[in-house]
Amino acid sequence: MTTGTDRAPKEASGRRTWLRDHSELGVCVLLLALGVLVLTDALTMDVDIAQRGPVGPRTVPVAVGAGLLVIAALLAVDVLRGGRGRAEGGEDVDLSEPADWRTVLLLSGIFLGAAVLIEPAGFPVAGALLFWGAAFALGSRRVDRDPLIAAVLSLLTYAVFDKLLGVPLPGGPLMGVL
């Protein structure tokens with residue numbers, strides 16, 4: 001005869017097994033939350049700016065948000081019907097090796113640092129540090145050329161967005177120079 005105390009560990013184990021077998025649902029939840037966030041932000045956007053034609057500033061965010069919701073729903077249905085993601089067999093990737101957490105943490109810190117620096121230092125400086133830091137974190141040790149390439153990439157990106165596309169980016173201390 002099983003008692004309530006005998007059944008609890010079996011139920012917890014069964015729940016863990018079900019969650020492990022359906023772990024892709026976490027991606028569905030993430031996509032759903034991201035879609036809701038994008039749609040909420042797009043629909044509450046202040047659109048007092050001049051609109052140049054039938055496509056306004058809400059069009060692309062609404063399309064992206066709706067697409068994220070549709071993809072989340074389709075993925076959830078696939079996972080609940082038994083669909084499983086397969087591990088990729090990359091050319092140079094050994095799937096038996098653990099993740100390189102040092103690189104992941106370095107890249108995360110570099111992205112966070114660039115996000116913090118973009119307002120006070122401006123996009124050209126923050127972008128250059130982002131490009132250089134990402135190259136360093138991913139293994140490049142060419143300190144003679146990497147900073148120069150990062151600076152050129154950052155300045156080109158700034159010029160394209162700010163001058164050609166009309167997307168204002170913070171220039172920081174270089175605002176008067178550029």
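All values reported here derive from a predicted model rather than from experimental measurement.
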Quick one: are Val125 and Ile118 in side-chain contact, heavy atoms under 4.5 Å? no

Report, as yes or no, whether the 6.0 Å neighbourhood of atom CZ on Arg141 holds more than 12 heavy atoms from other residues, nucleotides or ligands. yes

Cluster link Val27 to Leu34, ILVMFWY, side chain under 4.5 Å: yes

Indicate if Phe136 and Leu107 have the same hydrophobic cluster label, given that clusters are the connected sets of ILVMFWY residues with side-chain heavy-atom separations under 4.5 angstrom. no

On a heavy-atom basis, the closest approach of Ala72 and Cys28 is CB-O, 3.6 Å

Taking all heavy atoms of Ala128 and all of Ala150, pick out the closest pair and write down the distance. O-CB, 3.4 Å

Quick check on the hydrophobic clustering: are Val116 and Phe123 connected, directly or via other members, by side-chain heavy-atom contacts under 4.5 Å? no

If every non-hydrogen atom of Pro120 is compared with every non-hydrogen atom of Pro173, which pair is closest and at what distance? O-CD, 3.9 Å

Is any side-chain heavy atom of Asp146 closer than 4.5 Å to a side-chain heavy atom of Phe131? no

Out of curiosity, Asp162 CG to Thr157 OG1, how far, rounded to the nearest 0.5 Å? 12.0 Å

When you look at Ile149 and Trp132, which way does the side chain to side chain contact (heavy atoms under 4.5 Å, CB included) test go after all the steps? CA-CA 8 Å; Ile149 292 172; Trp132 188 17; over 6 Å; no

For Ile110, check side chain to side chain contact (heavy atoms under 4.5 Å, CB included) against everything at least two apart and list the hits. Leu130, Ala137

So how far is it from Leu25 CG to Leu75 CG, rounded to the nearest 0.5 Å? 7.5 Å

Could you give the distance from OH (Tyr158) to CG (Leu169), rounded to the nearest 0.5 Å? 6.5 Å

I'd like to check Leu37 versus Asp41 (side-chain heavy atoms, cut-off strictly below 4.5 Å). Are they in contact? no

Atom of Pro124, atom of Pro170 and distance for their closest heavy-atom approach: CD-O, 3.8 Å

Please determine if Asp100 and Arg102 form a salt bridge, counting it only when a charged side-chain N lies under 4.0 Å from a carboxylate O. no

Can Ile71 be reached from Leu32 by stepping across I, L, V, M, F, W or Y side chains whose heavy atoms are under 4.5 Å apart? no

CG of Leu112 to CG of Leu105, rounded to nearest 0.5 Å, is 12.0 Å

Grab the two heavy atoms, one from Arg58 and one from Met45, that are nearest each other, plus how far apart they are. NH2-O, 3.1 Å

